[in-house]
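Working notes for the structure below.
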Amino acid sequence: MSISDLIKNKFVEEFTAISVGTLLTTLLLSFVLGLFVLVIYRVTFGGVSFSKSFALSLVMLSMVTSLAILTVRSNVVLSLGMVGALSIVRFRTAIKDPMDTVFMFWAVGEGIAIGTRFYDVAIISAISIGVFLIIISLVRFRSTESYLLIIHYHESAGSVVKQFVAKLPKTKLKSKTVQRDGIEMTLELRLKDSETGFVDKLLKIEGVYDATLISHHGDMAM
């Protein structure tokens, strides 16, 4: 028997070893755990705009990865072919939030664990990581968040505005623009959600045209 016949027989033997029950179990479990990752992502999401397409892609990542791993896990020929196929694929999707990358790797990791039939590892790790992320999310929500405060006022109200701003916690001047119709000042500060009522008080100052408070998720120098 030639080497090609041995490889061919080995391929057929290993490929037919995947029963329909195993395939359905793998896809079903990867779907459930992928859906679990999606729910945790939705609950702990702290970005500006929630992307439904990205959330759904987490489920598909788990299912596709588990299917690929299940197919190639014990077949050398198919594994090499999969590596060659993936080497020519270029992913250009930009990930804006680093946490999105974490969830992508989590979904892929669950797919790998399920595809290799480590079902207990997949379930235990999914629950553990999910609980850990929820705890981190609760701690983050209780802490202060970064905001941008934009104030547009007349020059005559400058001293009063500065005294008001000096009373705000952890304030940092980002920019100040002097225009013919007044002055625009942008500040970066850290607040809790319950501490945003001061914006209404700013409008009561004579000479203040408008005040805008924007949630800011960039880095802030402490």
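- Considering every non-hydrogen atom in both Ile114 and Ala122, the closest pair reads CG1-CB, 3.7 Å.
- Counted within 6.0 Å of CZ on Phe132, heavy atoms from surrounding residues, nucleotides or ligands total 12 or fewer; the atom is thus considered open.
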- Query: Would Leu70 and Arg117 count as a side-chain contact (heavy atoms from CB on, under 4.5 Å) if you check the C-alpha gap in whole Å, the side-chain angles of each, and the deciding distance to 0.1 Å?
  - Reply: CA-CA 8 Å; Leu70 179 66; Arg117 302 184 187 181; 3.9 Å; yes
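- To the nearest 0.5 Å, the span separating CG on Leu23 from CG on Leu67 amounts to 6.5 Å.
- There is a path of hydrophobic side-chain contacts, each under 4.5 Å, that joins Ile129 to Leu58.
- Annotation: the span from Ser128 atom OG to Ile123 atom CD1 amounts to 11.5 Å, rounded to 0.5 Å.
- Qualifying side-chain hydrogen bond (donor to acceptor under 3.5 Å, both in side chains) partners for Thr26, counting only residues two or more places apart in sequence or in other chains: none.
- For the pair Ile151 and Val165, the minimum side-chain heavy-atom distance is below 4.5 Å.
- Going from atom CG of Leu213 over to atom CG of Leu187 covers 10.5 Å, rounded to the nearest 0.5 Å.
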- Item | Candidate pair Phe103 and Phe45, rule side-chain contact (heavy atoms from CB on, under 4.5 Å), full reasoning | CA-CA 11 Å; Phe103 279 94; Phe45 180 75; over 6 Å; no
- Task: Any chance you could lay out the ring-ring contact (aromatic ring centres under 6.0 Å, His included) test for Phe54 and Tyr41, step after step, and finish with the verdict?
- Result: CA-CA 10 Å; Phe54 176 80; Tyr41 176 73; 5.3 Å; yes
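- No continuous path of ILVMFWY side-chain contacts below 4.5 Å connects Ile124 to Ile127, so the two sit in separate hydrophobic clusters.
- Lys174 and Leu148 get closest at one heavy-atom pair: CG-CD2, 4.4 Å.
- Around atom OH of Tyr209, more than 12 heavy atoms belonging to other residues, nucleotides or ligands sit under 6.0 Å away.
- Ile112 pairs by the side-chain contact (heavy atoms from CB on, under 4.5 Å) definition with Thr65, Ile69, Val108, not counting sequence neighbours.
- Here CG of Leu29 is found 8.5 Å from CD of Glu110. Values are rounded to the nearest 0.5 Å.
- Remark: Ser62 pairs with no residue by the side-chain hydrogen bond (donor to acceptor under 3.5 Å, both in side chains) rule, at least two apart or across chains.
- No more than 12 heavy atoms of other residues, nucleotides or ligands shown are found within 6.0 angstrom of CD on Glu155.
- Take Ser53 and apply the side-chain hydrogen bond (donor to acceptor under 3.5 Å, both in side chains) test, not counting sequence neighbours, and it matches Ser51.
- A continuous path of ILVMFWY side-chain contacts below 4.5 Å connects Leu173 to Val208, so both sit in one hydrophobic cluster.
- Nearest heavy atoms, Val199 versus Ala211: CG1-O, 3.8 Å.
- The CG atom of Leu33 sits 12.5 Å away from the CG atom of Leu38 when rounded to the nearest 0.5 Å.
- Annotation for Phe31: atom CZ does not count as buried by contact number, only 12 or fewer foreign heavy atoms lying within 6.0 Å.
- Going from atom CD1 of Ile183 over to atom OH of Tyr153 covers 4.5 Å, rounded to the nearest 0.5 Å.
- Ser156 is linked by a side-chain hydrogen bond (donor to acceptor under 3.5 Å, both in side chains) to His154, counting only residues two or more places apart in sequence or in another chain.
- Every residue two or more places apart in sequence or in another chain that forms a side-chain contact (heavy atoms from CB on, under 4.5 Å) with Ile150 is listed here: Glu184, Thr186, Thr212, Ile214.
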- Message: Using side-chain contact (heavy atoms from CB on, under 4.5 Å), reason through Leu202 and Leu149 one step at a time and then give a plain yes or no.
- Response: CA-CA 11 Å; Leu202 271 172; Leu149 176 63; 4.2 Å; yes
- Message: Using side-chain contact (heavy atoms from CB on, under 4.5 Å), reason through Val37 and Leu61 one step at a time and then give a plain yes or no.
- Response: CA-CA 11 Å; Val37 174; Leu61 269 175; over 6 Å; no
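- Between Thr44 and Leu133, the shortest heavy-atom contact is CG2-O, 3.7 Å.
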